[in-house]
Structures are given as C-alpha cells and as structure tokens.
Amino acid sequence: MEPGDPIEVAFSLPRNSAEKILELLEAEGRAGAVVVPVKEQFTTTEAARMLGISRSTLMKLIDSGEIDSVKVASHHRIPAPAILRYEKARTESQHRTAKALEEFAHDAKEAFQNNVTFGKQS
C-alpha cells in the first residue's frame, strides 16, 4: 500500500465535527498543507495575521459582512470556519481575475494583430 492510495473509512461523528474535518480536508487540497486550528475562535489580530491582512482591513471586512464574527463583550472573535470561507472565496476570486486578465490580454493581442498591416497596400 502506497501513501497516496485511497482507503475507505467509515465512522460516526457529530455533524459539527464532520463539517470541520471536511473543511480541513478542502484546505489541504487547496493549499497542499493541513491547516489545523487549535481553537474555534480567533482574535481579530490573530485572524488578520492568518489571512495576511492588516487588522484594520479585517475590521472593514467584518463591518461589510464579508467575514463573519461574534462579539464577546466588546471584542470581535472570528470563528475558524469564517476564516476558511473567506480564504477560499479570496482564492477563487483571484483565480477568476487571473483567467479574465488572460482572456483580455489574448483578445487585445488578436485585435492589435488584426489591425496592423505591414508594407504597401494597393
């Protein structure tokens, strides 16, 4: 049996735990590494660091509803699944943008080549 060979596993878990495991497996597939949150909620500073953005940008994302948060007293806490959802959406958006840019560049190159002539025209 090789490390990449599939195996079949069957067990019962509470729905919440199963959803967390599936989210982690999706993250592993996207990033190539397993990201295991050590807790269920993170401070805004921790979440911002994990996402590679500033805390003020994170607060704007929370205020706009792009990232879910919960209030603990007067402080925001970011649930681990909310961080994963935002990162997944951001990655998908980056891929769509790159594809659109490639298509635009290809179309612009074709349009330029179709409008350029060399030599004398009769």
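- Counting non-hydrogen atoms of other residues, nucleotides and ligands closer than 6.0 Å to NZ of K99 gives a total of 12 or fewer.
- Every residue meeting the side-chain hydrogen bond (donor to acceptor under 3.5 Å, both in side chains) condition with T57, not counting sequence neighbours, appears here in chain and number order: S54.
- Residues R55 and R49 are not in side-chain contact: their nearest non-hydrogen atoms beyond the backbone lie 4.5 Å or more apart.
- Across L58 and T44, no two heavy atoms sit closer than the pair CD2-O, 3.1 Å.
- Distance CD1/I62 to CG/D68: 9.5 Å, rounded to 0.5 Å.
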Between E46 and K39, does a salt bridge (charged side-chain N to carboxylate O under 4.0 Å, His left out) hold up when you go through it step by step?
CA-CA 11 Å; E46 292 169 331; K39 53 188 176 180; 2.8 Å; yes
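- The shortest distance between side-chain heavy atoms of T43 and I78 does not fall below 4.5 Å.
- Between atom CD of residue Q41 and atom CD1 of residue I83 there is a gap of 10.0 Å, rounded to the nearest 0.5 Å.
- Minimum heavy-atom separation, F42 to A47: CB-N, 4.2 Å.
- Among residues two or more places apart in sequence or in another chain, the side-chain hydrogen bond (donor to acceptor under 3.5 Å, both in side chains) test is passed with D63 by none.
- Salt bridge absent: K88 and E23 never bring a charged side-chain N and a carboxylate O closer than 4.0 Å.
- E87 has a carboxylate O that lies under 4.0 Å from a charged side-chain N of R90, or vice versa, which qualifies the two as a salt bridge.
- Under a 4.0 Å N-O distance rule, the pair E40/R77 does not qualify as a salt bridge.
- Taking CD1 from I67 and NE2 from H76, the interatomic distance works out to 11.5 Å, rounded to the nearest 0.5 Å.
- Between the NZ atom in K20 and the OG atom in S17 there is a gap of 6.0 Å [rounded to 0.5 Å].
- Taking CD of E92 as the start and OG1 of T97 as the end, the distance is 11.5 Å to the nearest 0.5 Å.
- L22 contributes atom CG, which lies 12.0 Å from atom CG of L84 (distance to the nearest 0.5 angstrom).
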